[in-house]
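Below is one structure, written out as structure tokens; comments come after it.
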Protein chains: 4
Amino acid sequence: MKGAGRPIRSAMGYSTPDRVVVRGFDLPGDILGTLDLGAMAFLELTGRMPSPGEARVFNSLLVTLVEHGMTPQAMIARLTYLGAPDALQGAVAAGLSGMGSVFGGGAEAAARMLQEADGKDAAFIVDGFVRAKRPVPGIGHPLHKPIDPRTPRLFAIAAEEGCSGRHVALLEAISAEAEARTGKTLPINATGAIGAIMTEMGFDWRLCRGIAVIGRAVGLVGHIAEELRQPIALTLWQRTEDEVTRNALDERDQA
Amino acid sequence: MKGAGRPIRSAMGYSTPDRVVVRGFDLPGDILGTLDLGAMAFLELTGRMPSPGEARVFNSLLVTLVEHGMTPQAMIARLTYLGAPDALQGAVAAGLSGMGSVFGGGAEAAARMLQEADGKDAAFIVDGFVRAKRPVPGIGHPLHKPIDPRTPRLFAIAAEEGCSGRHVALLEAISAEAEARTGKTLPINATGAIGAIMTEMGFDWRLCRGIAVIGRAVGLVGHIAEELRQPIALTLWQRTEDEVTRNALDERDQA
Amino acid sequence: MKGAGRPIRSAMGYSTPDRVVVRGFDLPGDILGTLDLGAMAFLELTGRMPSPGEARVFNSLLVTLVEHGMTPQAMIARLTYLGAPDALQGAVAAGLSGMGSVFGGGAEAAARMLQEADGKDAAFIVDGFVRAKRPVPGIGHPLHKPIDPRTPRLFAIAAEEGCSGRHVALLEAISAEAEARTGKTLPINATGAIGAIMTEMGFDWRLCRGIAVIGRAVGLVGHIAEELRQPIALTLWQRTEDEVTRNALDERDQA
Amino acid sequence: MKGAGRPIRSAMGYSTPDRVVVRGFDLPGDILGTLDLGAMAFLELTGRMPSPGEARVFNSLLVTLVEHGMTPQAMIARLTYLGAPDALQGAVAAGLSGMGSVFGGGAEAAARMLQEADGKDAAFIVDGFVRAKRPVPGIGHPLHKPIDPRTPRLFAIAAEEGCSGRHVALLEAISAEAEARTGKTLPINATGAIGAIMTEMGFDWRLCRGIAVIGRAVGLVGHIAEELRQPIALTLWQRTEDEVTRNALDERDQA
């Protein structure tokens, strides 16, 4: 096939007998003990060391989505661990598979809207979504009303570190416009804030879901740690199967 | 089924309209802007805030396994992304599925050996593995010789922060004993160091693979970010399929 | 949350001490030894036993996508198995994660186009895709030219068993129209044929990807079986990592 | 690395412009319309066409594990689909990740025991497990007592088709011995029967989990099809999260 002749290159890293090199830096000498995991994620994604402010903002974005209680992803990871306790990696992988468009796509959709705004104003953008009968990304929350408590904090941290600008402003204008247009309470939610700040930092919207995935990987290992001490997956399964069986037998008896 | 009546409890976190609570802490107020991602992982796994020293050590363990060049996991994530570019979560999940006993199990096996040592000395432990013809966990490396350059750095950081003690000493004695017994160069490798330090910090060996999984989730998003800019998965596939097809046609023609 | 009170019902199956019931049928008495795996898949998806003709057609659709040589999915499964040989399920899961929109979405897209055609003719439909600069689903193939050899066979089987009608005819018209309009060779490919026949059989387009997933699960277990006897994953990795490392060292030396 | 120079070969299949070849057979001409999915799986795993009897037995083994009601794997697939409805492949992959040692390992463990029996008799084998305080694989069932209704049917089909012999007899002797030794009801369960018949047919025990994985892939697509028509994942999640939140708030208020 025609691409087969192309060379395979990567700037991510390599090892020699006495060195491990990551993005051009010596892992033991330049990174270990110096970079925290969020700063390392920044280095991995951008190829350069973050400033202290960038590291603080990026860590905040990653930390926001780590833990959100008993989400479907946490349930998935626990149920998978029940069936494959010797393959912890599979439980995390299964849980992450549920961070798709519905749960992991919010920041991505908001960032895409901002990155493709191309000079259009909030009224024009909101109008496009309203006419298409599609929800505006990054605003509104089923539980957190009238505001999502994470949003002002994330925006404050971003502003403190110089990572707030026209994209955050545009999303705020979009939220206000959508509230005016629909009469609903549509505050910027946490994933919207993340999408806006990622855009301020120059990240491609295609990578925003990756922030959700990294954060949730941490949270899922946390849930597996709790499952080891205080298991719930078996109960969850047994209740569900009992109810399904009972309902099926009732239907059979009534038929 | 008999467990169906048990209540379902979790101390991981919950949300109310105006709050997001993680491990008893207010996410926006206590955590965002304050905790880095490694410290957050410590909180998730243990239920308490790490000291600054613990956070530095734990971040170092997590950072060690983020990036290791073009590993099978990186290849898997890139090949998966080629087939499902709108489901980044699946590419990370697939890559993590390859962090099993071979690549993700090293720290786990070393920590288990140390946590089950139960007073036995290095000679006794090494003897058990040698007799069973099984490799001693946490020592030896196919590439890094005579030492793994990450190990002294990890041990130095752990010692600086008070996270080094009898478990690290036992693993060092095991390495020395195994070298004496076999005549081979068997330095403590990075995963062995991680297993020993996790044990010093009180973590169950069953969670060590989780450290590898969290770190590698970061690295895999990094590889997907590079794949977006500079793709290699298509070339990798085409070369492989071309070679397989060519060899199959040659065999057919010779038959 | 508001859906929490709804009962949980399922018609898929249940067990009692002396019975296993699937879709209302007794598994040992009515199914084992009688239904082949494709017929069982039909029962699972539709809730009714297939006629012999339906079983033959449905088996053909499932069999078509089982094996396609050294696909990215086969490479993924083998590389995953290299890292987690004690978790075969994870290797299959990882490989399936790569059956996304690019490789697993063809039948789905073609079926959706046909199911949403709503009386529009081939010229109108092709015109819509051409104007939107999007490829028409289900037609064209990078390798199989001038025809995809699987398509006439699938259509013949479907016709023999009474599963061919206006949807197959529409896709044939779309292929002809697209060829006339673009001057390119755009035969109906195998996934297009599958999408059309699934539509003839009354399946929702959202389930077409499931046919690809079931078939490929069989193929991936086949590749793992070969990997056990004649491994290639290690070679694949070593070559790739060697090349990446060599190129990285060259660039460093030239810098 | 030293394996990098090895050629990459595979006998699974390849394509040329006018052909798709699987295991040496022409897919459209020799396979489509002729082989059912179970027979195709046999061809994939063994490289040869099954006899009609082998196809019937192998289909029965694959069909046995397709559907087992509301298993953890079905719950996982549905919860994953809730979060990623545009990536059906990920929902099946996540569900399969839960077919690990606990749910997918039964046939594997029984087959391994039989394949490594090496002339030892049932009493010796059972004694080994009892002394090690490990359960004997392939016997006993939490629900199906005094017998697993699938087992006699599978053994009858295997006997009818000439696939029953000394391995089935050994497992029957092991079941009888274990019952005599422990005083418990320990009938051969369905996965034990599958492991014994796979052994009769000459399959490596390492592939038995693959039979469970293929069958369950079919079942999980079935559950996703039902989830599309009659969703339960949202209710399952909401109930669980509501209960966790309520319990957490109660604990907080009592503290």
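Residue numbering restarts at 1 for every chain, and letters A, B, ... go by the order of the sequence lines. FYI, side chains are in, hydrogens and waters are out, and symmetry mates aren't considered; it's all heavy atoms of this structure. All values derive from a computational prediction rather than experimental measurement.
- Annotation: side chain to side chain contact (heavy atoms under 4.5 Å, CB included) contacts of D:V130 (sequence neighbours excluded): D:V126, D:R181.
- Within the 4.5 angstrom heavy-atom criterion, no atom of D:L143 approaches chain B.
- Residue D:P7 touches chain B through both its backbone and its side chain, counting heavy-atom pairs closer than 4.5 Å.
- Remark: B:V221 engages A:L45, A:I214, B:V92 in a side chain to side chain contact (heavy atoms under 4.5 Å, CB included) (not counting sequence neighbours).
- Interface check for chain D: of the options B:I8, B:V21, B:L249, the most heavy-atom pairs under 4.5 Å are formed by B:I8.
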Quick one: donor-acceptor pairs between chain D and chain B, under 3.5 Å, side chains and backbone, table format.
unit_1	atom_1	unit_2	atom_2	d
D:I8	N	B:E243	OE2	2.8
D:I8	O	B:N247	ND2	2.9
D:E243	OE2	B:I8	N	2.8
D:N247	ND2	B:I8	O	2.9

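- Evaluation of the side chain to side chain contact (heavy atoms under 4.5 Å, CB included) rule for D:A109 yields D:P137 as partners, not counting sequence neighbours.
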